[in-house]
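Here is how names work: the chains are called A, B, and so on, in the same order as the sequence lines, proteins then strands, and each is numbered from 1. All figures in this text were calculated on a predicted structure; none of them were measured in a lab.
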Amino acid sequence: AQRVTQPEKLLSVFKGAPVELKCNYSYSGSPELFWYVQYSRQRLQLLLRHISRESIKGFTADLNKGETSFHLKKPFAQEEDSAMYYCALRHTSGSRLTFGEGTQLTVNP
Amino acid sequence: NAGVTQTPKFQVLKTGQSMTLQCAQDMNHEYMSWYRQDPGMGLRLIHYSVGAGITDQGEVPNGYNVSRSTTEDFPLRLLSAAPSQTSVYFCASSYDNSEAFFGQGTRLTVV
C-alpha cells in the first residue's frame, strides 16, 4: 500500500540557517511526488513537484528512489517560510493524492 | 478566475444534524476530491470523482456522501454529524496528472 511519512511534526530553525524537511514514501510503482505548503490561514498550494526539478522560493527536493525519500531543502531559511508543509504522492491510476502527516516549520528571527 | 470555492467557511453543527459542504470549480477540471485535515494526521481522502456521474470512496468515507451531477460542483454531505467529524475540510480539483488546486477550507465543529 502507498504511504507517505513525515517524521517531524514540528521543526524550528533560526533565520539564515539551513532547513531540511524529511519525507519518505512507500509505493509499488513509479511515484510522482509533490510538496504542498499551507501558510497561516491560507489554502494549500503547490510548492514543488519532482518531475519539474525546479527551485521555488529557494527550496529544492530530489527524489531518491534508493532511499525512497523526497526531502525538501533550503540553504538559508527566511521568516516567511514559516508554514505547514505536506509531502504528497500521486497514484499512477488517476489523480488521487496520499499526503504525509505534515511538518510545521517555524523560522525564528 | 475564482478557482476552487468552498462554502461555508465555518460551521457549527449539533450531533445528529445533517448538512452539505459545497465545492465549485471554474477550471473545467475532471478530477475533484474531498479531504479532511486533522492535527498530526495530515490530509486524508474522503471521496473523489474522476468526472461527472462518477464517484468513489477514499480512505475515510464513512459518514459522508457525495455526488457529481456537473463538472463544476462536488458537494459533500454529512448524513448525521458526529463529534469525530470535527475537522477542516478541503476540496481540490485537477486535470489528470496536473497540479491539484485547493479551496480555502471549511472549518466544521460538531458539538
Is it the backbone or the side chain of Y95(B) that comes under 4.5 Å from a heavy atom of chain A, or both, or neither? backbone
Exactly one of R36(B), Q57(B), H47(B) should register a side chain to side chain donor-acceptor pair (under 3.5 Å) with Y64(B). Which one does? R36(B)
Would you mind telling me which of G40(B), A92(B), S33(B) has the largest number of heavy-atom pairs within less than 4.5 Å of chain A? G40(B)
Atom group of S94(B) that falls short of 4.5 Å from chain A, counting heavy atoms: side chain
Just by distance, with hydrogens left out, do T5(A) and N24(A) show a side-chain donor and acceptor under 3.5 Å apart? no
Determine whether the side chains of Q38(A) and Q37(B) contain a donor N or O and an acceptor N or O closer than 3.5 Å. yes
Please walk me through it: do D62(A) and N64(A) pass side chain to side chain contact (heavy atoms under 4.5 Å, CB included)? CA-CA 6 Å; D62(A) 291 318; N64(A) 186 323; over 6 Å; no
Heavy-atom proximity to chain A below 4.5 Å, by part of L43(B): both
